[in-house]
Amino acid sequence: MATTENGEKEMVVLYPPPAMGHLVSMVELGRLFLHRGLAVTIVTVDPPLNTGSIAAFIARASAAHPGIAFHRLPPVDLPPNPSSHHLEALACALLRRSNSNLLAFLRSLSPAPRALVLDMFCLFALDVAVPLHLPCFLFYTSGAAALAVFLHLPSLDVACAPSSFRDLAGTPLSIPGVPPLPADHMCLALLDRDDDAYRGLVYLSNRMPDVKGIFINTFRELEPRALEAVTAGLCLTDGRSTPPVYPIGPLITERKTDGGGECLAWLDALPNASVVFLCFGSIGQFEEEQLREIATGLDRSGHRFLWVVRSPPSHDPSKRFEAPPEPDLDALLPDGFLERTRARGLVVKAWAPQSEVLRHAAVGGFVTHCGWNSVLEAVVAGVPMLGWPLYAEQRMNKVFLVEEMQVAAAVEGYEGLVPAEEIETKVRWLMESEGGRRLRERAADMKEMAAAAVGEAGSSQAALEELVAQLKGGKDNGEGVGNTES
Ligand SMILES: *[C@@H]1O[C@H](CO)[C@@H](O)[C@H](O)[C@H]1NC(C)=O
């Protein structure tokens, strides 16, 4: 039964952090729940600093999905001089301090919600849910391999002490279900054990097994080994058991975007699989020197390209979180580059409709920062990737994409300045070589498997139905979430 005694729909509350990739996935999850007869409320907290794109995204999402209720928690004060420069530390401080506001909001809901679905960064809310007897689920918005790492993090924390992952450099970490992970490829925020971000993430990892179930934005066929290891409980130690795991992806935004018509019209005129698309996420930025190397590499490769360029990062700490100004392409890129490549290249400022571009037949390769949503968009579109990780957990993702999923090759040297020769070589390899052709075939196969997973009787579809049934029902037979309080 999807309704309460008085005939209203069962409601779930979803709680994402104010970080774009996480927020986008949570809204998609809300849409899926809504279509399956649940009432959905998404609780948001304002980003701590000026990041205009997030407020704009929430405004668009709430207009586009009138069936989903959005509720904004009041702002909280943050420590004035944070010792960590990692956004993860800021997110932890913000979300930890939002607990009392969240509690007040949840108490105000009538009838009471059926369950609380938390992003990893919002697991602080477990403390709020206990007094309310509200079952909590984790929606993990990156892949199963990254989840395996985080579930195993408390063990690694003990095993590696007193060293930091940064000090262990290339030492491979052994984590069940994933290929050997060089210690310096851990999440950037985890490299230094004395950092607040490290402490926050270890705390959150420790809380992961306290939920009633974990949904992941991935699918069985993409990450069979990591999913098996997680499900079998191999990533946890100390006798802790792993909650049920539901791979329900790929969840990506299919919504048509406004704007970006220039890119799509330009692609329309070009042969199939002939364009390399370069785009580095919602906050990825390169120094001017690196932009010039990329331009030179693309120029020399001779291949068609569509390149999204953002302004270099500001070195003024007070501007760190401000939206960067529009890039001045003539000043940033090498002399004559735009004229020379006009016939075969398009450079766009700051933004492109990435998902639509990837699904365009003319696109034959994707140079990506390895953010998980971007990875899934490429997988769904069947586009082979060149991984160039920048921030967050992207270095780990690069290892998994290349070594395990085999849907990408790496642009080497991303720890520092990547020279033009490497960019030229890798673009040529992808577009011209036998290895590149094999990667393209693998990407095409994975596209089929992704479509099957979310299609009728597919693995992700089945996991989602099971999950929704659990969220909706079972109040009386003891199988549902309502009776599983311990
Ligand atoms: C190009 O791709 C489209 C869409 O995938 C396909 O229908 C068409 O047959 C392809 N054209 C060529 C020449 O391969």
Side-chain angles (χ1 to χ4, degrees), residues 24 28 217-223 249-281 298 301-308 341-348 351-387 401-402 405-409 424 426-461:
V24 168
E28 282 305 304
N217 192 5
T218 190
F219 57 106
R220 202 161 291 288
E221 295 73 13
L222 181 64
E223 300 188 89
L251 258 72
I252 60 168
T253 312
E254 301 277 356
R255 178 178 53 86
K256 287 256 181 262
T257 37
D258 297 332
E262 181 201 10
C263 301
L264 299 170
W266 183 76
L267 290 168
D268 281 343
L270 300 175
N272 283 358
S274 69
V275 177
V276 180
F277 175 47
L278 301 91
C279 187
F280 298 89
L298 290 173
S301 79
H303 284 279
R304 294 193 181 87
F305 62 86
L306 170 55
W307 180 19
V308 181
T341 58
R342 196 173 299 283
R344 64 180 168 88
L346 180 64
V347 178
V348 298
W351 183 84
Q354 176 169 296
S355 182
E356 285 164 275
V357 167
L358 285 168
R359 278 179 284 152
H360 197 288
V363 171
F366 180 30
V367 185
T368 172
H369 65 318
C370 305
W372 190 247
N373 288 339
S374 294
V375 165
L376 290 180
E377 286 176 2
V379 165
V380 166
V383 177
M385 287 172 265
L386 291 176
L401 291 171
V402 174
M405 302 173 216
Q406 296 171 12
V407 290
E424 176 190 356
K426 282 292 151 65
V427 166
R428 284 182 184 275
W429 177 87
L430 181 66
M431 303 304 277
E432 299 168 13
S433 78
E434 177 58 20
R437 195 186 60 74
R438 279 201 298 272
L439 195 62
R440 189 171 318 275
E441 280 176 9
R442 167 82 178 155
D445 290 346
M446 201 47 82
K447 171 184 176 174
E448 300 293 316
M449 288 188 255
V454 293
E456 212 175 319
S459 57
S460 291
Q461 193 63 245

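Residues take their numbers from the sequence shown, with the count starting at 1. For ligands, and for the atoms within them, numbers begin at 1 and follow the listed sequence.
Arg344 meets the salt bridge (Lys or Arg N to Asp or Glu O under 4.0 Å) test with Asp299; sequence neighbours excluded.
Between the CE atom of Met446 and the CZ atom of Phe219 there is a distance of 5.5 Å, given to the nearest 0.5 Å. With rounding to the nearest 0.5 Å, the separation of NE2 in His360 from CG in Leu306 is 10.5 Å.
Ion pairing of Glu434 with Arg437 is present here, as a side-chain N (NZ or NE/NH1/NH2) and a carboxylate O approach within less than 4.0 Å.
Within the 4.5 Å cutoff, the side chain of Thr253 has no heavy atoms near those of the Ser355 side chain.
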At less than 3.5 Å, what protein N or O atoms come close to the N or O atoms of ligand 1? Include the distances to 0.1 Å.
from	atom 1	to	atom 2	distance (Å)
ligand 1	2 (O)	Asn272	OD1	3.3
ligand 1	2 (O)	Asn272	ND2	2.3
ligand 1	11 (N)	Asn272	ND2	2.9
ligand 1	14 (O)	Asn272	ND2	3.4

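Checked options Val347, Val367, Val308; the residue passing with Leu278 is Val367 (criterion: side chain to side chain contact (heavy atoms under 4.5 Å, CB included)).
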